[in-house]
Amino acid sequence: MNEYYGNSRGSSSSASSLNSNSQQGTEDDHAIATILAEEEENARKYDGKLGKRLSHLDSIPHTPRVIGEIPDPNDATLDHGRLSCRLSTYGLAEMQIEGDGNCQFRALSDQLYHNPEYHKHVRKEVVKQLKHFRKLYEGYVPMKYKSYLKKMKRLGEWGDHVTLQAASDRFGVKICLVTSFRDNGYIDILPKDILPSRELWLSFWSEVHYNSLYEIGEAPARVPRKKHWLFF
């Protein structure tokens, strides 16, 4: 499942713009290839320290689903407070991710590559997974599947629990989701038919935002560029 492709394409119109985008995409692919080589070595050394420390958490079965109703500000504030308390109890800290509509893919990128800026690559791979293995996901999508794929290709389109499952399947990883939900505080998302090579830890604030999780004191210091959905 862990297949990676380049993003070269040809076009006769807007040549300079496309060449610029293609060059940037190629540079990103080369950088990602280098990181992947390092990550393969790291994965062999990975001991799942965070997962072992939190192995007592009870998870619920994951059901892929599209985005539900966005909570009103009062409920969202209560949800965020519940999430903050839960993370503190578990000894986890959030690496704040930009609230630009790409937060799920940025958080996954940060966990995969230690850099949220490869979110375009992550989105591209997730969409490929959704497209190539349609039968695994279309039953969870309450709209025309082609329209759903077209929507998910767009930068700024919010990821959902279907794209999380597709990411788990595509990258062969276990996604550990600590949520703000009252009853479903911890969700495991496992790849289908294979053993995960590593764990990715994300926080999920209701239907509003994803961040990348680390043990307290280990979160990297990064300067945010945009809003993070922290309005209180």
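All residue numbers refer to positions in the sequence shown, counting from 1.
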A.B. asks: Ignoring hydrogens, what is the shortest heavy-atom contact between E98 and H209? Give both atom names and the distance.
C.D. replies: O-CE1, 3.6 Å
A.B. asks: Tell me every residue that passes side chain to side chain contact (heavy atoms under 4.5 Å, CB included) with K150, counting only those two or more places apart in sequence or in another chain.
C.D. replies: none
A.B. asks: Mind telling me whether Y113 and F171 have parallel, tilted or perpendicular rings, with 30° and 60° as the class edges?
C.D. replies: perpendicular
A.B. asks: Taking only residues two or more places apart in sequence or in another chain, which ones pass side chain to side chain contact (heavy atoms under 4.5 Å, CB included) with P196?
C.D. replies: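 Listed in chain order: K174, L190, P191.
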A.B. asks: Does L164 offer a backbone N or O that forms a donor-acceptor pair with the side chain of S168 under 3.5 Å?
C.D. replies: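 No, the answer is negative, given that no donor and acceptor are paired below the 3.5 Å cut-off.
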A.B. asks: Can you list every salt bridge (charged side-chain N to carboxylate O under 4.0 Å, His left out) pair that touches residues 131-143, not counting sequence neighbours?
C.D. replies: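 Of all non-adjacent pairs touching residues 131-143, those that pass salt bridge (charged side-chain N to carboxylate O under 4.0 Å, His left out) are R134-E138.
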A.B. asks: Applying ring pair (Phe, Tyr, Trp, His ring centres under 6.0 Å), name anything that partners F105, two or more places apart in sequence or on another chain.
C.D. replies: none
A.B. asks: For the residue pair D160 and Y140, confirm or rule out a side-chain donor-acceptor distance under 3.5 Å.
C.D. replies: no
A.B. asks: With sequence neighbours left out, write down each residue that passes side-chain hydrogen bond (donor to acceptor under 3.5 Å, both in side chains) with S203, or none if nothing qualifies.
C.D. replies: E94
A.B. asks: Partners of R182 by salt bridge (Lys or Arg N to Asp or Glu O under 4.0 Å), sequence neighbours excluded?
C.D. replies: none
A.B. asks: Test D110 against Y210 for side-chain hydrogen bond (donor to acceptor under 3.5 Å, both in side chains), laying out the working first.
C.D. replies: CA-CA 11 Å; D110 184 72; Y210 290 87; over 6 Å; no
A.B. asks: Is Q104 close to W158 at the side-chain level, that is, under 4.5 Å between some pair of heavy atoms?
C.D. replies: no
A.B. asks: Please answer whether the main-chain N or O of S212 pairs with a side-chain N or O of R106 as donor and acceptor at a distance below 3.5 Å.
C.D. replies: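 Such a contact is absent between R106 side chain and S212 backbone.
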A.B. asks: What residues form a side-chain hydrogen bond (donor to acceptor under 3.5 Å, both in side chains) with R82, not counting sequence neighbours?
C.D. replies: D79
A.B. asks: Please determine whether side chain to side chain contact (heavy atoms under 4.5 Å, CB included) holds for the pair N211 and C103, giving the CA-CA distance in whole Å, both sets of side-chain angles, and the decisive distance to 0.1 Å.
C.D. replies: CA-CA 7 Å; N211 280 319; C103 62; over 6 Å; no
